[in-house]
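Data first, discussion second: the structure below is written as structure tokens.
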Amino acid sequence: MLIKRPRKWELSENLVTPENVFLNRRAFLRGTTASIAGAATLAVAGCGEAAEKTEALAGGEADLTAKAAELFPYPANTSIPIDRPVTDEEVSSTYNNFYEFGSHKRISRAAEALVSRPWKIEITGEVETPITLDVDQLIAQMPLEERIYRHRCVEAWSMTVPWSGFPLAALVDFARPKSSARYLKMQTFMQPSVASGQKQSWYPWPYTEGLTMAEARNELAFMATGIYGKPLGEQFGAPIRLAVPWKYGFKSIKSIVTFEFTGKKPTSFWEEIAPKEYGFWANVNPEVPHPRWSQATEEVLGTGRRVPTLMFNGYEEQVAGLYKGLEGQNLYR
Ligand SMILES: Nc1nc2c(c(=O)[nH]1)N[C@H]1C(S)=C(S)[C@@H](COP(=O)(O)O)O[C@H]1N2
Ligand SMILES: [Mo]
């Protein structure tokens, strides 16, 4: 079959496998990825036997992943101020919350069992045209950049890390939600044989999170595909996770497989488990304690120091406007 070797700057039009052709008929129809689908059709036309097609498909996926890795490092967006040193990778990559792999922080080894590529993403619900596509095909079409963000866990520890990724607003535009879409609901994979935490049936798996459409379109809402200038390790939520730095860390859902646009407010994983402790909004506020502990200060990972927690985790300027008129609601839990 015909193999076209793209140059690096041509990637976004060529991150393609024959399999994507089948999965992206609908994308092809709606025109947004017409050039991609068109290129792949040419490639498939050269393949005769079924066996050959299978071989091409396997090779194609590996190729897609390799090309996505070549996009690193993403250009830095320095327009969002940060006043803290970046947390050592050694520290942040060995202290993680990922309940699918255990309810403690040392899950990084166990999480390596997750096969995070190839990885299918479904965009569904109240959208013009639902679509399933490979994560690397999505990434290739997004405006990639690196941003340094604070991350504040509801358990009162924090870190500061450079995420690579793209604005969630770009994914929303790509999805073309209908006016009936009021919320974006996101879900993590469900693979109990790999993620032993999911065998614990008292948890409401799969992990679910949600944002309002206004939050999803806010400039700070970010889809991370990498960290420290490299593709995400599994412990960080490979291949794609949310980063909403003005909210407690549990909102930043990892290893997403489904983006569903909906008219109905989603119930998140932790809200389902303990609604008095964890709500839908979960905006960081040092003055509103968790029912069992204070949120006034946080331990900065790797420094042995506690510092005061900031309103909206220091991002008040960018996000306070989202909550005008909602003051009656419990915005900080
Ligand atoms: N699927 C999934 N996403 C998740 C979690 C989880 O257990 N499962 N934990 C959340 C919590 S509580 C935090 S603080 C962050 C931790 O992200 P980090 O390990 O990259 O620091 O991920 C969030 N996303
Ligand atoms: Mo957290």
Side-chain angles (χ1 to χ4, degrees), residues 86-114 116 119 121 147-165 185-192 194-200 202-211 221-228 230-259 266 268-274 277-279 282-284 290 292-293 295 298-302 309 313 333:
V86 166
T87 303
D88 280 349
E89 182 176 356
E90 183 54 36
V91 172
S92 63
S93 62
T94 53
Y95 190 90
N96 304 92
N97 269 338
F98 204 165
Y99 274 65
E100 285 81 345
F101 296 99
S103 55
H104 52 91
K105 303 291 184 271
R106 306 288 173 196
I107 55 80
S108 62
R109 275 282 174 78
E112 284 170 17
L114 180 67
S116 60
W119 189 269
I121 303 255
R147 300 178 172 191
I148 302 178
Y149 273 172
R150 296 190 202 91
H151 172 91
R152 169 60 158 83
C153 177
V154 74
E155 299 162 335
W157 54 262
S158 71
M159 60 180 191
T160 302
V161 293
W163 295 118
S164 303
K185 173 179 171 180
M186 289 155 276
Q187 288 195 304
T188 296
F189 66 84
M190 185 66 193
Q191 290 179 40
V194 172
S196 61
Q198 293 184 327
K199 289 180 184 153
Q200 302 186 312
W202 56 91
Y203 286 114
W205 308 112
Y207 199 96
T208 302
E209 261 305 337
L211 298 172
F222 198 62
M223 292 311 310
T225 62
I227 188 166
Y228 299 102
K230 302 172 289 198
L232 286 178
E234 282 75 21
Q235 74 271 48
F236 287 115
I240 189 164
R241 60 89 58 84
L242 181 67
V244 278
W246 72 98
K247 292 178 177 286
Y248 291 115
F250 66 85
K251 296 291 296 183
S252 291
I253 179 172
K254 297 179 169 181
S255 304
I256 300 170
V257 293
T258 310
F259 294 88
S268 61
F269 182 82
W270 285 108
E271 188 180 6
E272 182 92 36
I273 294 166
E277 303 195 358
Y278 310 102
N283 295 312
V284 175
H290 183 278
R292 291 182 282 134
W293 60 84
Q295 295 291 23
E298 65 205 52
E299 182 197 338
V300 184
L301 290 187
T309 288
N313 200 25
R333 190 167 291 160

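Atoms within a ligand are numbered from 1 in the order they appear, just like the ligands themselves. Values below: all heavy atoms of this structure, side chains included; hydrogens, waters and symmetry mates excluded. In this text the structure is predicted, and so the values were computed from the model without any measurement. Numbering of residues begins at 1 and proceeds along the displayed sequence.
The Gly249 neighbourhood of ligand 1 comprises atoms 10 (C), 11 (C), 13 (C), 14 (S), 15 (C), 22 (O), 23 (C), with distances under 4.0 Å to a heavy atom of that residue. Near Cys153, with a cut-off below 4.0 Å to any heavy atom, the atoms of ligand 1 are 14 (S). Using a 4.0 Å cut-off to heavy atoms of Phe250, the atoms of ligand 1 that qualify are 10 (C), 11 (C), 12 (S). Listed by atom number, the atoms of ligand 1 under 4.0 Å from Thr188 heavy atoms are 1 (N). Atoms of ligand 1 found under 4.0 Å from any heavy atom of Arg241 (numbered from 1 in listed order, with element): 15 (C), 17 (O), 20 (O), 22 (O).
Using 4.0 Å as the threshold, Ser252 has a heavy atom nearer than that to some atom of ligand 1. Under a 4.0 Å heavy-atom criterion, Met159 is in contact with ligand 1.
Side-chain atoms of Tyr228 and Ser93 include no donor-acceptor pair closer than 3.5 Å. For the 3.5 Å distance criterion, the side chains of Lys105 and Asn97 qualify, holding a donor opposite an acceptor.
Ligand 1 has no N or O atom lying under 3.5 Å from any N or O atom of Tyr95, backbone or side chain. Taking distance alone, with nitrogen or oxygen atoms compared against 3.5 Å, Trp157 stays at or beyond that limit from ligand 1.
Here the heavy atom of the protein found nearest to atom 8 (N) of ligand 1 is Glu100 OE1, 2.8 Å. Among all non-hydrogen protein atoms, the one lying nearest atom 14 (S) of ligand 1 is His151 NE2, 3.4 Å. At the shortest separation from atom 7 (O) of ligand 1 among protein heavy atoms lies Tyr99 N, 2.7 Å. The protein heavy atom nearest to atom 22 (O) of ligand 1 is Lys254 CE, 3.4 Å. Closest to atom 12 (S) of ligand 1, if we only count protein heavy atoms, is Asn97 ND2, 3.4 Å. Residue, atom and distance of the protein heavy atom nearest to atom 6 (C) of ligand 1 are Tyr207 CE1, 3.4 Å.
Relative ring orientation between His290 and Tyr278 is described as tilted, the plane-to-plane angle lying within the 30° to 60° band. Using cut-offs of 30° and 60° on the angle between ring planes, the pair Phe98 and Phe101 is perpendicular.
For the pair Trp246/Tyr149, no side-chain contact is recorded, criterion being any heavy-atom separation below 4.5 Å from C-beta on. Proximity of Tyr99 to Ile107: side-chain heavy atoms (C-beta onward) are nowhere separated by under 4.5 Å. Side-chain contact check for Trp157 versus Tyr95: some heavy-atom pair is nearer than 4.5 Å. Taking the side chain as every heavy atom from C-beta outward, Leu114 and Glu100 never approach each other to under 4.5 Å.
Contact between Thr225 and Gly165 at its shortest, heavy atoms only, is OG1-CA, 3.8 Å.
For the pair Ser255 (side chain) and Ala238 (backbone), a donor-acceptor distance under 3.5 Å is present.
Proximity of Lys251 to ligand 1, defined as any heavy-atom pair under 4.0 Å, is not found for any part of the residue.
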